[in-house]
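Here's the structure we're looking at; comments come further down.
For ligands, and for the atoms within them, numbers begin at 1 and follow the listed sequence.
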Amino acid sequence: MPFEAVIGLEVHAQLKTKTKIFCSCSTGFGAPPNTHVCPVCLGMPGVLPVLNKKVVEFALRMALATGCSIAGVSRFARKNYFYPDLPKGYQISQYELPIAEHGFVDVAVNGGIRRIGITRIHMEEDAGKLVHDPGQPVSRVDFNRTGVPLIEIVSEPDIRSPEEAGAYLRQLRSVVRYLEICDGNLEEGSFRCDANVSIRPRGTQALGTRTELKNLNSFKHVEKALQYEIGRQQELLADGGQVIQQTRLWDADKNQTFAMRGKEQAHDYRYFPDPDLLPLEIDAQWTERIRRELPELPAAKKKRFMDAYALPAYDAGLLTSERELADYYEACLGFFPHPKIVSNWVMGALLGLLHTQGKSIDQSPVSAEGLAQLLQLVEDGVISGKMAKSVFEEMAATGKPAGKIVAEKGLVQISDGQALEAVVEKILADHPEEVVAYRNGKTKLLGFFVGQAMKVTRGKANPKLINEILKQKLE
Ligand code: ADP
Ligand code: MG
Ligand code: ZN
């Protein structure tokens, strides 16, 4: 391919503060329209905004977690535009002096690590929400979201493929969730992404003309929209045409992007410092305290899981993608210290179960200790791995502990050598032709004999022992 893609993402993360950024209205989601409003967030004349300290603290957490430098003094600015969901006629944001700049996120892609630069992180307020009821001649507006705090995280144009964009976004989402500053919900819009993309001849450095893609409300949509847009730009250039700088909307039903408007320029917004808000001075001691209190972050936890538990990168990455999942895993290990066995069960049976039930790990019907007890029964040879799968399902359905289920169902595996020998002898006596065939070299028949033994014992024979006895008797 003669072209390479150049992608930069702008992510808006809604902060989980109790109150809005410049007033004391609630940020609660799902309340009746226009009940979380006051003169400040409605933009009445004469009111004054007062900055919420928690917003600054959350922005600092993210800035420190992504290796940004923190500005000792930053400023709020007015971004002026007219839209019915913006009652003041301007959005309070940060422009020339954002709170943080020059960070990075390390992202695992294609078995390697790619470092994606973060240009800046700034704080701003959200706009309201327009409600367009189908069949109604009017649109309505809900101002509950007006003034809800956001951070915007702007990446450098360092991303080279839709897949990398997806991996970067997942990583960023994982970080904001670890930091407990944002719930990271793309569908509900608390974590939103605009994607900027251009293409250029491979091996060149100058940036091509970009388009900005909006309306991307899942990771899949981000990847598909970028894929489509890269293809569209390539065709344009290959036909001797030109890419026009514009904002385009992703249409998930048609799988296409459509031109929405010409891309606005910064000067269109007539930015200027907000005279109602003082310059924001950040106390270095406060920053240091926040830094010390940061939790172990996903990348560090992943590395520790690989080093301490000898887990493959894939397992470690998946288990540390959510803090609660990593906690569950380590809690289970505390009771049953076999890292890879626990990893297989958590990634397989447990995540499978949670997925089908649409539950998160904190709602898991099987506790970490409960899972450990089940695995101990397998380890002790009381039940087979196969039985364990059905016991696990029973645990999830009934909440009973593994030991109780095993006892009630009489599932205990037969590991008594003499009993199994009798079983094997009977099977061999019943199938003389197969025995001869086996001894003449058709050793694949071993599976047949094992199957017979399982049938006779209704799955309870210890498979390892049965194999050993069969081989010995068939010699
Ligand atoms: P805005 O979209 O508000 O004008 P910027 O100019 O700062 O803001 O750019 C926003 C995003 O677009 C950044 O993530 C940046 O990396 C990315 N970007 C800028 N130029 C290009 C380009 N030519 N191709 C791809 N991405 C770009
Ligand atoms: Mg933009
Ligand atoms: Zn308010």
Side-chain angles (χ1 to χ4, degrees), residues 3-12 17-28 31 34-44 47-52 77 79 81 87-88 91-96 98 101-105 116-122 124-128 142-149 152-162 164-165 168-169 172 192-201 204-214 216 222 225-226 229-230 233 237 242-248 260-269 271:
F3 291 110
E4 76 172 349
V6 175
I7 299 166
L9 301 182
E10 295 163 272
V11 170
H12 286 94
T17 54
K18 288 202 187 70
T19 56
K20 294 187 180 180
I21 181 168
F22 298 119
C23 63
S24 53
C25 289
S26 161
T27 56
N34 300 310
T35 52
H36 293 169
V37 292
C38 74
V40 173
C41 53
L42 288 175
M44 297 294 172
V47 297
L48 285 173
V50 177
L51 179 59
N52 180 342
K79 180 179 182 178
Y81 64 93
K88 292 199 296 294
Q91 177 196 28
I92 305 180
S93 180
Q94 296 195 295
Y95 185 56
E96 290 128 321
E101 288 180 294
H102 311 307
F104 63 87
V105 175
I116 309 298
I118 292 194
T119 315
R120 54 188 273 148
I121 297 179
H122 68 248
E124 61 186 26
E125 58 180 346
D126 210 343
D142 176 4
F143 290 122
N144 283 350
R145 206 179 63 185
T146 311
V148 166
E152 178 171 344
I153 306 147
V154 181
S155 89
E156 290 289 300
D158 286 348
I159 299 166
R160 291 290 167 270
S161 69
E164 239 173 73
Y168 166 80
L169 275 180
L172 216 56
R192 311 194 279 265
C193 167
D194 297 339
N196 296 270
V197 55
S198 60
I199 58 172
R200 66 183 171 197
T204 63
Q205 288 306 308
L207 292 175
T209 304
R210 71 174 144 144
T211 55
E212 182 181 35
L213 311 181
K214 289 188 180 280
L216 308 170
V222 174
L226 282 168
E229 186 59 18
I230 292 164
Q233 293 188 8
L237 296 193
Q242 271 188 340
V243 176
I244 306 166
Q245 179 158 333
Q246 61 187 185
T247 298
R248 298 178 67 89
M260 178 169 96
R261 58 170 189 245
K263 171 89 182 93
E264 64 287 338
Q265 303 285 329
H267 63 245
D268 295 334
Y269 290 121
Y271 279 102

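- Evaluated by nearest non-hydrogen atom to atom 17 (C) of ligand 1, the leading choice among Asn196, Asp194, Ile118 is Asn196.
- For Asn196 and Thr211, the side-chain atoms include no donor-acceptor pair closer than 3.5 Å.
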Practice prompt. For the pair Glu229 and Arg248, evaluate salt bridge (charged side-chain N to carboxylate O under 4.0 Å, His left out) and give the outcome as yes or no after the intermediate values.
Written response: CA-CA 9 Å; Glu229 186 59 18; Arg248 298 178 67 89; 3.4 Å; yes
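- Residue Pro157 has at least one N or O atom closer than 3.5 Å to an N or O atom of ligand 1.
- Residue Glu156 has at least one heavy-atom neighbour below 4.0 Å for each of these atoms of ligand 1: 16 (O).
- Take the Zn ion (ligand 3) as the corner point: the lines to SG of Cys25 and to SG of Cys41 open at 110°, to the nearest 10 degrees.
- Within 6.0 Å of CG in Leu207 there are more than 12 heavy atoms belonging to other residues, nucleotides or ligands.
- Contact annotation for Glu10 and ligand 1: only side-chain heavy atoms (C-beta onward) come within less than 4.0 Å of the ligand.
- A donor-acceptor contact closer than 3.5 angstrom is absent between the side chains of His12 and Glu10.
- Looking at Val154 next to ligand 1, no N or O pair under 3.5 Å apart turns up.
- Checking only distances, Thr209 never comes within under 3.5 Å of ligand 1, N or O to N or O.
- Inclusion of His36 in the first shell of the Zn ion (ligand 3) is not supported: no N, O or S atom falls under 2.8 Å.
- For ligand 1, the atoms lying closer than 4.0 Å to a non-hydrogen atom of Leu9 are 14 (O).
- Rounded to 10°, the angle formed at the Zn ion (ligand 3) by Cys38 SG and Cys23 SG is 110°.
- The closest donor-acceptor contact from the side chain of Glu164 to the backbone of Arg160 lies under 3.5 Å.
- Taking a cut-off of under 4.0 Å to the non-hydrogen atoms of Gly8, the atoms of ligand 1 that pass are 14 (O), 16 (O), 17 (C), 26 (N).
- With a 4.0 Å heavy-atom cut-off, ligand 1 is reached by no atom of Thr119.
- Look at Glu4 and Arg200 and you find a salt bridge, because one of the NZ, NE, NH1 or NH2 atoms lies within 4.0 Å of a carboxylate O, short of that distance.
- There is no side-chain donor-acceptor pair under 3.5 Å between Thr209 and Gln245.
- The distance from ligand 1 to the heavy atoms of Gly208 drops below 4.0 Å at these ligand atoms: 23 (N).
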Item to complete: Carefully, step by step, assess Asp126 and Thr146 under the rule side-chain contact (heavy atoms from CB on, under 4.5 Å).
Response: CA-CA 5 Å; Asp126 210 343; Thr146 311; over 6 Å; no
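- Shown in contact with Leu207 at under 4.0 Å from a heavy atom are these atoms of ligand 1, numbered in order with element: 23 (N).
- In this structure, Lys79 is positioned above the aromatic face of Tyr269, its NZ or CZ under 6.0 Å from the six-membered ring centre and within 45° of the axis.
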